[in-house]
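Take a look at the structure below.
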Amino acid sequence: MVLVTSVRDYINRMLQDISGMKVLILDSETVSNVSIVYSQSELLQKEVFLVEMIDSISVSKESMSHLKAVYFIRPTSENIQKLRYQLAHPRFGEYHLFFSNLLKDTQIHILADSDEQEVVQQVQEYYADFVAGDPYHFTLNMASNHLYMIPAVVDPSGLQRFSDRVVDGIAAVFLALKRRPVIRYQRTSDTAKRIAQETAKLMYQHESALFDFRRTESSPLLLVIDRRDDPVTPLLNQWTYQAMVHELIGLQDNKVDLKAIGSLPKDQQVEVVLSSEQDAFFKSNMYENFGDIGMNIKRMVDDFQQVAKSNQNIQTVEDMARFVDNYPEYKKMQGNVSKHVTLVTEMSKLVEARKLMMVSQTEQDLACNGGQGAAYEAVTNLLNNESVSDIDRLRLVMLYALRYEKENPVQLMQLFNKLASRSPKYKPGLVQFLLKQAGVEKRTGDLFGNRDLLNIARNMARGLKGVENVYTQHQPLLFQTMESITRGRLRDVDYPFVGDHFQQGRPQEVVIFMVGGTTYEESRSVALQNATNSGIRFILGGSAVLNSKRFLKDLEEAQRISRSGSHMV
């Protein structure tokens, strides 16, 4: 049930069965699906000498009949039209067409009619219509991620496209895993309900035969939930390696663009890969906290210096031969050391400049501990602090509002006014829009652990014991959800089943899809849960991968469309 392996297997089969020199043609989405699991050097080993985008192939007229074209694209109507034109004017000797999801019969007919010169050798469906960033975490990288927050009455057509894309992605995941799940959804989310029902219709009616895999002991579970049930997690500063890089610098498809760090010398402003599949140091440290990472990087630097010293001590021909043999590994080690030192150095500077340790302590208190009076004072002090950035002020007020929206309206309004006067970039009404979208009336789960008796007891026990690290005490709501599934306590009234397909016993495989996007803190929770060997394997997926910037950008865009849409309605 590891998605990275599934996607790699598809690409292997696609490329190794076609002999000779090849050009791999991708679209704007499949380029992410491939690049995240397959390196440039691996493509070269498969005799792929050119990687092109389907759009640029349309423009070029140059004949390359010595190459075989391997297309791996989504079966969208736009792609089919481009392919139709390219088959009518073929530039390559052979065409091998692979689609990342289900083709419609009409699309197959269009392709057949267009292939007048009979250059198409095969047409296949390879279900990799998702980006498998980590073994148990996938995303759909949806640019229109903000649509999940918009009331259906404002933009039904946009919301339908959003739902269709999510259903496609979920279907591809289960086809890759060769499973048909029982489906549940979060009752308070119309979008989650719509997606769950349309997924069930696809799997149990329209494509029932395709999803009719060999029965397993217990059916897997697909649970569709809504980001708005936990708006706190994407608003928090992060202190574990992978999540922190994404929050402070940016991580897209397991790549970090160091150009974003303006202070670096020109030769270091490159794109670096940060993947658990390709980087052993990152794999063993991606979930470690910031303090431990610093110590581990120091050890890595010390090890490298030892290797560098031994390489300087070349005296014999044998020493020289050994150095030449080990040089590729040495260069790789040097690049790795440089990459991690650069990232941690830059993050340390940002933490200091933005006073993030001070900010984060208040954030964690807001997320995890009670005490409204002390929280109001702490947030007010930070709003007045010149070192605190606009985005950090906004996040603090949002966290306070989510926690204490019902407790003291006067103090809440005072914070809104202070935020508006201190941070000119703050969009008026954005905090209120967040409360309207994800306030206590809209949420299903026990977000702050103050409704459910078990959660209250757990929080008290944690408070008495003290927390190991004040900066990482927060646990996403997803952790409670996984715990409920593991114990067989996920309430039917809050998470109903679709149709008459119910769970018999505990599921052994669970895919949780979060409409509105996931965070790396949540993917860490899933990895840690899977490491407990509870007998249940979890996979987490979402429409995007969020940090606080992306979450706030989606919120702003949804607010803008809702305002303009509500005037039209």
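Just so it is clear, the values below take in all heavy atoms, side chains as well, and ignore hydrogens, waters and symmetry mates. Quick caveat: nothing in here was measured; it's all calculated off a predicted structure.
Remark: the Asp230 side chain and the Thr233 side chain contain an N/O donor-acceptor pair separated by less than 3.5 Å. Between the side chains of Gln414 and Tyr376, a donor-acceptor pair is found at a separation under 3.5 Å. Side-chain polar atoms of Asn289 and Thr472 form no donor-acceptor pair below 3.5 angstrom. A donor-acceptor contact closer than 3.5 angstrom links the side chains of Glu247 and Ser548. Using a 3.5 Å distance cut-off with no hydrogens or angles, the side chains of Asp129 and Asn33 do not pair a donor with an acceptor. A donor atom on one side chain and an acceptor atom on the other are found under 3.5 Å apart for Gln160 and Asp164. Glu29 and Asn141 are not linked by any side-chain donor-acceptor pair at a separation below 3.5 angstrom, with hydrogens and angles left out of the test. Using a 3.5 Å distance cut-off with no hydrogens or angles, the side chains of Gln238 and Asn547 do not pair a donor with an acceptor. Of the N and O atoms on the side chains of Tyr400 and Gln372, at least one donor lies less than 3.5 Å from an acceptor on the other residue.
The shortest side-chain heavy-atom distance between Lys553 and Lys549 does not fall under the 4.5 Å cut-off. Within the 4.5 Å cutoff, the side chain of Met300 has no heavy atoms near those of the Val341 side chain.
Ring orientation note: the planes of Phe281 and His340 are tilted relative to one another, at an angle of 30° to 60°.
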- Task: Show the numbers, then the answer: is there a side chain to side chain donor-acceptor pair (under 3.5 Å) between Gln242 and Asn285?
- Result: CA-CA 8 Å; Gln242 185 186 36; Asn285 286 277; over 6 Å; no

- Query: Could you walk me through whether Tyr241 and Phe282 pass the ring-ring contact (aromatic ring centres under 6.0 Å, His included) check?
  - Reply: CA-CA 8 Å; Tyr241 197 19; Phe282 181 65; 5.8 Å; yes

- Task: Could you walk me through whether Asp554 and Arg550 pass salt bridge (Lys or Arg N to Asp or Glu O under 4.0 Å), step by step?
- Result: CA-CA 6 Å; Asp554 286 345; Arg550 175 66 193 268; 3.2 Å; yes

- Quick one: do Leu140 and Val166 satisfy side chain to side chain contact (heavy atoms under 4.5 Å, CB included)? Show the steps, please. CA-CA 8 Å; Leu140 302 182; Val166 172; 4.3 Å; yes

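When atom types are taken as modelled, the side chain of Gln508 and the backbone of Ser218 share no donor-acceptor pair closer than 3.5 angstrom. Although no hydrogens or angles enter the test, the distance criterion places no donor-acceptor pair under 3.5 Å between the side chain of Arg184 and the main chain of Pro496. In this structure, the side chain of His137 does not engage the main chain of Ser523 through any donor-acceptor pair within 3.5 Å.
Glu441 has a carboxylate O that lies under 4.0 Å from a charged side-chain N of Lys406, or vice versa, which qualifies the two as a salt bridge. A salt bridge is absent between Asp226 and Arg443: the closest approach of a Lys/Arg side-chain nitrogen to an acidic carboxylate oxygen does not fall below 4.0 angstrom. Salt bridge Glu271/Lys255: absent, no basic N to carboxylate O contact under 4.0 Å. The pair Arg194-Asp190 fails the salt-bridge criterion, with no side-chain N (NZ, NE, NH1 or NH2) lying under 4.0 Å from an Asp/Glu carboxylate O. With respect to Glu557 and Arg560, a salt bridge is recorded, a charged nitrogen being found less than 4.0 Å from a carboxylate O. Ion pairing of Arg165 with Asp168 is absent here, as no side-chain N (NZ or NE/NH1/NH2) approaches a carboxylate O to less than 4.0 Å. The existence of a salt bridge linking Arg393 and Asp390 is confirmed by a sub-4.0 Å separation between a basic side-chain nitrogen and an acidic carboxylate oxygen. For Arg422 and Glu386, the salt-bridge test passes: some basic side-chain N is under 4.0 Å from an acidic carboxylate O.
Screening Arg179, Arg537, Arg180 against Glu509 for a salt bridge (charged side-chain N to carboxylate O under 4.0 Å, His left out) leaves a single residue, Arg179.
By the 6.0 Å contact criterion, CD on Glu407 is enclosed, its count of non-hydrogen atoms from other residues, nucleotides or ligands being greater than 12.
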